[in-house]
Protein chains: 2
Amino acid sequence: MAIDAREDTPADAQQGVKLNETANRGSPRLAARQSRDQILEAAAECFKENGFAATSIDDVAYSLGATKGMIYHHFRSKIDLFFAVYQRGMEINFEATEPETHSHAKPLERLARMSMAHSVALMAHQPFQRVLAQGVAMHQTGSTTAAQRDTLSTLIKTRDTYEELFRTAIEAAVADSGTELTNPSLASKSFLAVLNSTVFWYSPRRRNATAEQISIALDLVNYALRGLGLHLPEDAIDDWKKHL
Amino acid sequence: MAIDAREDTPADAQQGVKLNETANRGSPRLAARQSRDQILEAAAECFKENGFAATSIDDVAYSLGATKGMIYHHFRSKIDLFFAVYQRGMEINFEATEPETHSHAKPLERLARMSMAHSVALMAHQPFQRVLAQGVAMHQTGSTTAAQRDTLSTLIKTRDTYEELFRTAIEAAVADSGTELTNPSLASKSFLAVLNSTVFWYSPRRRNATAEQISIALDLVNYALRGLGLHLPEDAIDDWKKHL
DNA sequence: TTGACAACATACCGGGTAGTATGTTCCCTG
DNA sequence: CAGGGAACATACTACCCGGTATGTTGTCAA
C-alpha cells in the first residue's frame with residue numbers, strides 16, 4: 001500500500017498544479033521526504049527566477065499548489081529553506097564530480113573528466129546552480145544575524161573544498177605536463193570561471209538537451225585547459241563526441 | 001562663490017556621515033549634479049552589498065546621511081535609480097575600453113590593451129560592475145512591468161554592443177594569427193567570463209591598489225588569450241609590468 | 001523686496017510578506 | 001477503535017518599505 005507514491009515528473013512542479021490530494025499516504029517519513037524534495041526544487045526555481053530577497057514563501061507555495069503552512073512545516077524560516085537548496089546544489093555537484101577524482105587515469109584526463117562532469121551538471125541543474133551563485137554573493141556581503149552567517153560560512157566551506165578538488169587536479173595536470181603556473185590560485189579561479197559561465201547565459205532548449213550540453217561542455221573544457229597551457233588529446237575529444 | 005563645493009573623497013560616502021549642511025550652495029545645477037553623483041555611488045555600494053531587492057531607499061539615504069525625500073527628488077523610483085547606476089557602470093566601461101579599439105596596433109595587441117583596460121576598470125569600480133551583473137540577471141528573468149522591461153532591454157543592448165567590441169577584436173586577432181575558432185560565440189563568452197571573474201572575488205586591498213590590479217589583470221588576460229590559442233609577446237608583457 | 005523654485009526633510013499611507021497561532025484531516029500504533 | 005501525532009491549510013499579526021503629500025529653507029532673478 002505504500003506505493004501510490006507518485007513518480008513525479010519535474011514538469012509536475014508547475015504553477016497552480018495542485019498536488020495530488022490523496023498523495024503522501026504511504027510511510028509518513030517517505031512522504032515527508034518527497035514533499036521536502038518538491039519544495040527544494042520549487043524553491044530553487046523561484047530563487048533562480050527572482051532571487052532570494054524578491055521571492056516570497058507564498059510564491060514557492062503557489063508554484064507547488066500548496067500553502068505557506070506546508071513550507072513552514074518543513075523549514076523553520078525562509079533563509080533555512082535557501083540554505084537547504086544551497087546544500088542540495090552542492091550535493092549535486094559532488095555526486096557528479098567527486099567520483100571522477102578517484103579515477104586512475106592520467107592527471108590531464110582526470111581533470112578533463114572532472115570538468116566535463118561539472119560542466120554538464122551545471123547545465124542540467126541550472127536553478128540550483130544559480131542559488132549557489134547567490135549564496136556566494138550573499139556570503140561576501142551582509143547576511144544579517146550571526147547565526148545565519150555561521151551556517152552560511154559552513155556551506156561556503158563545502159564549496160571551498162569542492163573548488164579544492166579542482167585546484168589539486170589542475171596542479172597535478174600542469175605538473176605532469178612539465179610546465180608551471182605563475183599564479184596557481186588565479187589560474188584555478190579562471191579555470192572555474194569558464195566552466196561556470198554557463199550559469200549566466202545557458203538555458204536548455206528542449207527535452208533531452210544532454211547532447212547540446214555535452215557539446216558546449218566540451219568547448220568550454222577545451223578553452224579552460226588551453227588557458228592553463230594544456231591540450232586535450234584528440235582521441236579523448238572523439239570519445240566524448242560519441243556521446244552526442 | 002560657487003566653490004565651497006566639496007572635493008568629496010569616496011570615503012566620504014560612509015554610513016551616517018552627514019552631508020555638509022551648508023553645501024550645495026553654488027549653482028543649483030552643479031549642486032544637483034553632485035548630489036546625483038553621490039546618490040549613484042552610494043546606491044551602487046548598497047546594491048553591491050545587499051542586492052537590488054534587499055536594498056531599501058532608506059538604506060541608500062542613510063548611507064548618505066540624507067533622507068528618502070532627497071533621493072525621490074532626483075529619481076522617480078527605486079528601479080529608475082537602479083537603471084541610472086547601471087548606465088553609469090556602462091559609461092565607465094566604455095570610457096575605459098572604447099579608446100583602445102581605435103588603436104592602430106596589431107589586432108592581438110589591440111585586443112590585449114582592450115582587455116587590460118576592461119579588467120582594471122572592473123576592479124577599480126567594483127560596486128558598479130556588480131550592479132551590471134545584477135542587471136543582466138534581472139533581464140533574464142522577471143522585471144515586472146512592461147515599461148521596466150523596455151528600459152532594461154535598452155540598457156542590455158548597450159551591454160551587447162560593448163561585448164560586440166570584444167567579439168570583433170577577438171575574431172580579428174584570431175584571424176590574424178592564422179588559426180580559427182570552432183565556436184566564436186562560445187569563445188568570446190569564455191574570454192569575457194575570465195576577465196569578469198574578478199567581480200565575484202576581488203576586493204581592493206588598500207589605497208592605490210592599481211599595481212595589484214594591473215598584476216591580476218595581466219594574469220587574467222594571459223589566461224584568456226591562451227584559451228583562444230593566442231600568446232601575448234614577451235615585450236608587451238614587460239611593457240605592462242613597468243606600470244607596477 | 002518678493003515670490004517662484006530648487007533642494008531637500010518630515011509625516012503618512014497602503015500593500016506585501018515573514019512568521020505564528022490555530023484549526024483540520026488523515027494515518028498509524030497500541 | 002481511541003488518540004496521538006504527522007502533514008498540512010486557514011487566519012491573523014506586525015513590520016517593513018515604496019511611494020506620495022506636504023512642509024521648510026535657502027537662493028536667485030526680476
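Source: prediction; values computed, not measured. Throughout, a chain's letter reflects where its sequence line sits, starting with A, and its residues are numbered from 1.
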* Looking at A:Arg159 and A:Glu163, does any basic side-chain N land under 4.0 Å from a carboxylate oxygen? -> yes
* What is the distance, rounded to the nearest whole Å, between atom CG of A:Leu81 and atom P of C:dG19? -> 11 Å
* Asked: Tell me: CZ of A:Phe75 to C1' of C:dT20, nearest whole Å?
  -> 18 Å
* To do: Send over the distance from B:Leu64 CG to C:dC8 P, rounded to a whole Å.
  => 10 Å
* Closest heavy-atom contact between B:Asp59 and B:Ala54? -> OD2-O, 4.0 Å
* Please state how far atom CG in A:Asp80 lies from atom C1' in C:dG19, giving the value in whole angstrom units. => 13 Å
* Between protein and nucleotides 17-25 of chain D, map the contacts as a letter string: B base, S sugar-phosphate only, - none, heavy atoms under 4.0 Å, written 5' to 3'. => SBBB-----
* What is the distance from CE of A:Met70 to P of D:dA6, rounded to the nearest Å? -> 16 Å
* D:dA6 phosphate, OP1 or OP2, under 4.0 Å from A:His74 side-chain N/O -> no
* Asked: Any luck finding a side-chain donor-acceptor pair between A:Gln129 and A:Asn93 under 3.5 Å?
  -> yes
* To do: Find the distance A:His73:NE2 to C:dC26:C1' and express it as a whole number of Å.
  => 13 Å
* Asked: What are the two closest heavy atoms between B:Ser119 and B:Leu195, and how far apart are they?
  -> OG-O, 4.4 Å
* Between A:Ser35 and D:dA7, does any side-chain N or O lie under 4.0 Å from OP1 or OP2? -> no
* Between A:His118 and A:Phe166, how do the two ring planes meet: parallel, tilted or perpendicular, split at 30° and 60°? -> perpendicular
* Does a side chain donor of either B:Tyr162 or B:Glu98 reach within less than 3.5 Å of an acceptor in the other side chain? -> no
